[in-house]
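Working notes for the structure below.
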Amino acid sequence: MDYNTLAELLFGDITKTPEDIKKEYPKRELPPKAAVTRFAPSPTGYMHIGGLYATLVSSKIAHQSGGLIYLRLEDTDKKREVKGGADEIINSLKSYGIEFDEGAAADDCPEKGIYGPYRQSMRRDIYRTFAKELVRKGLAYPCFCTAEELDELRKKQESEKADMGYYGEYAKCRNLSLEEIKANIDAGKEYVIRLKSPGTPEGKVTCRDIIRGNIEMPENITDVVILKSDGIPTYHYAHVVDDFLMGTTHVIRGDEWISSFPIHHQLFTVSELPMPHYAHIAPIMKLDGGENKKRKISKRKDPEASVTFYSQQGFPVKAVLEYLMTIANSGYEGWRMKNPDANMQEFNFKLEKMPVSGALFDMDKLSSVSKDIIAAMDEEELFEKISAWAESFDEGLSGSIKSSPDKFKDSIALWKYNGKKVRKDIAKWSDLSAMFPYLYSNDEISEYDFDEKISKEDTKEFLKIYTEKYNFDVDGSQWFADVKAISEPLGFCPDIKQYKADPSGYKGSVADACTILRVAVTGKRNTPDLFSIIKLLGTEETLKRINRVIEIL
Ligand code: GLU
């Protein structure tokens with residue numbers, strides 16, 4: 001067969017050679033051991049927590065070695081593409097502090113870097129140039145098999161109990177003559193380009209995976225498709241051409257790709273291109289139905305699979321990143337304990353220390369990491385972070401922050417400190433309205449946790465008299481003295497110790513009177529300092545709440 005003629009027949013419009021293209025992609029000038037990594041999503045707009053995890057790791061590996069990370073959009077499957085999908089991915093990663101040194105940018109921005117275009121759909125002729133060279137060397141060929149023919153092949157292999165796939169004697173189009181190919185093309189038949197696999201059933205190949213060590217696998221024997229009928233490459237071929245041209249040194253990707261490694265190895269070999277290093281990351285798992293039943297966190301089943309979930313709930317970015325680092329590297333937690341205030345970037349990350357089997361995503365652990373991080377934030381930072389969150393995810397709260405920012409600041413101080421102690425039970429911003437609905441929600445209180453020790457009538461009577469005699473224009477100790485003075489004639493002992501020693505003859509103590517007020521104003525028996533809450537709510541709102549209770553009782 002005259003392969004040159006075949007190559008011209010199939011790719012007559014391609015005038016460049018791979019050598020010409022290689023010259024357009026010079027070696028980067030980087031320190032000797034610098035890693036070049038990438039994130040290569042399909043622009044579906046959906047950012048999976050596993051994608052953030054992998055990108056965090058890739059970005060760390062690149063930057064700690066003086067290298068760089070770039071973004072490549074794998075947009076060859078137009079069916080999966082979502083309008084604005086790339087922007088969403090870029091923005092979502094940006095909100096987690098991950099920015100790309102090079103690569104595709106938001107839809108209306110120019111891309112950064114000279115190793116592009118970084119959108120695969122714009123690289124069609126580059127792949128075709130490399131494929132032409134394979135055809136010219138007799139290492140790839142056009143296949144005209146229709147879907148029906150491939151289906152028949154499958155059935156035949158099934159009945160013969162043979163391995164499935166387009167290979168060896170089953171690869172019908174492997175041996176077409178130039179005349180037959182010409183005739184098919186003239187007849188307008190569609191074709192794909194397949195690799196003519198040099199693999200043998202006995203052959204073995206070893207993937208030297210940085211995380212898992214050496215994995216030996218059977219060599220590829222399948223004549224895999226490298227270009228689809230529209231000239232767009234399959235993942236396998238695009239991976240080989242792009243990661244070579246773009247100078248990727250470390251391919252860090254999901255472990256679902258391990259089984260394709262033999263194909264990639266073969267494609268690099270026949271194309272005479274050097275292979276990058278590989279690190280296959282185990283997926284993030286969750287427990288489902290029992291102690292040991294782990295499964296992958298799924299986009300379809302689990303809301304927490306999406307990075308958006310964490311932003312919506314209001315987990316601080318730092319908490320999510322910190323937690324992902326603890327599952328990414330076994331040494332991270334110990335390092336953090338020794339270096340509580342250090343920047344995460346100072347940690348020396350090792351791919352070798354990544355988990356080999358799926359790391360369990362433990363929501364309680366994330367919450368606990370988050371609680372510490374929130375506890376360490378000062379009021380200024382809390383104000384900023386909560387306001388930004390509310391702006392996107394809690395309209396009501398955002399409205400009240402904007403209408404009285406000072407009040408909102410005071411509310412933070414209110415829950416943050418218990419005397420000198422700092423509160424450590426808030427894991428995410430949405431906890432605030434769940435834990436302190438009386439501070440952060442405009443809804444009417446629906447449940448009142450009154451102490452049954454005191455009758456409804458006595459409760460009501462005290463509240464009534466209180467609304468006649470209250471004075472909020474005083475300081476905390478005077479306010480307490482007033483509560484004592486108002487409640488004493490109604491049968492509440494002003495001295496708590498004395499009451500405890502002999503409760504008979506009293507309805508309760510001044511502490512009980514305070515609890516009545518507390519429940520009337522907040523619905524709850526346990527809250528931060530009541531007088532501070534009253535001051536924060538203001539006289540009008542406090543009285544409104546108390547009067548509502550009087551009506552209900
Ligand atoms: N587009 C592929 C994916 O999303 C990229 C895999 C890789 O990193 O090579 O799975």
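Numbers here are sequence positions counted from 1. In each ligand, atom 1 is the first atom listed, and ligand 1 is the first ligand listed. Hydrogens, waters and symmetry mates play no part in the numbers below; they use all other heavy atoms, side chains included.
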Could you tell me whether Phe39 approaches ligand 1 through its side chain, its backbone, both or neither, with non-hydrogen atoms closer than 4.0 Å? neither
Quick look: Arg38 vs ligand 1, heavy-atom contacts under 4.0 Å, and the answer is side chain
Give me the nearest non-hydrogen protein atom to atom 7 (C) of ligand 1 as residue plus atom name, then the distance to 0.1 Å. Tyr235 OH, 3.3 Å
Students should be able to answer this: which protein heavy-atom is nearest to atom 10 (O) of ligand 1, and at what distance? Trp257 NE1, 3.3 Å
Mind telling me whether Tyr25 and Tyr115 have parallel, tilted or perpendicular rings, with 30° and 60° as the class edges? tilted
Could you check whether the rings of Tyr118 and Tyr70 sit parallel, tilted or perpendicular, using 30° and 60° as the cut-offs? tilted
With atoms numbered from 1 as shown, which atoms in ligand 1 lie under 4.0 angstrom from a non-hydrogen atom of Arg253? 7 (C), 8 (O), 9 (O)
Those atoms of ligand 1 less than 4.0 Å from some heavy atom in Glu74: 1 (N), 2 (C), 5 (C)
So, does Ala40 sit close enough to ligand 1 that a heavy atom of it is under 4.0 Å from the ligand? yes
Could you check whether Arg28 pairs with Glu102 (Lys NZ or Arg NE/NH1/NH2 to Asp/Glu carboxylate O, under 4.0 Å)? yes
Note: Glu219-Lys204 ion pair, threshold 4.0 Å (strictly below): no
Is there a side-chain contact between Leu134 and Ser271 (heavy atoms, below 4.5 Å)? yes
Return yes if a side-chain donor-acceptor contact under 3.5 Å exists between His280 and Arg212, otherwise no. no
Any N/O of Glu256 closer than 3.5 Å to an N/O of ligand 1? no
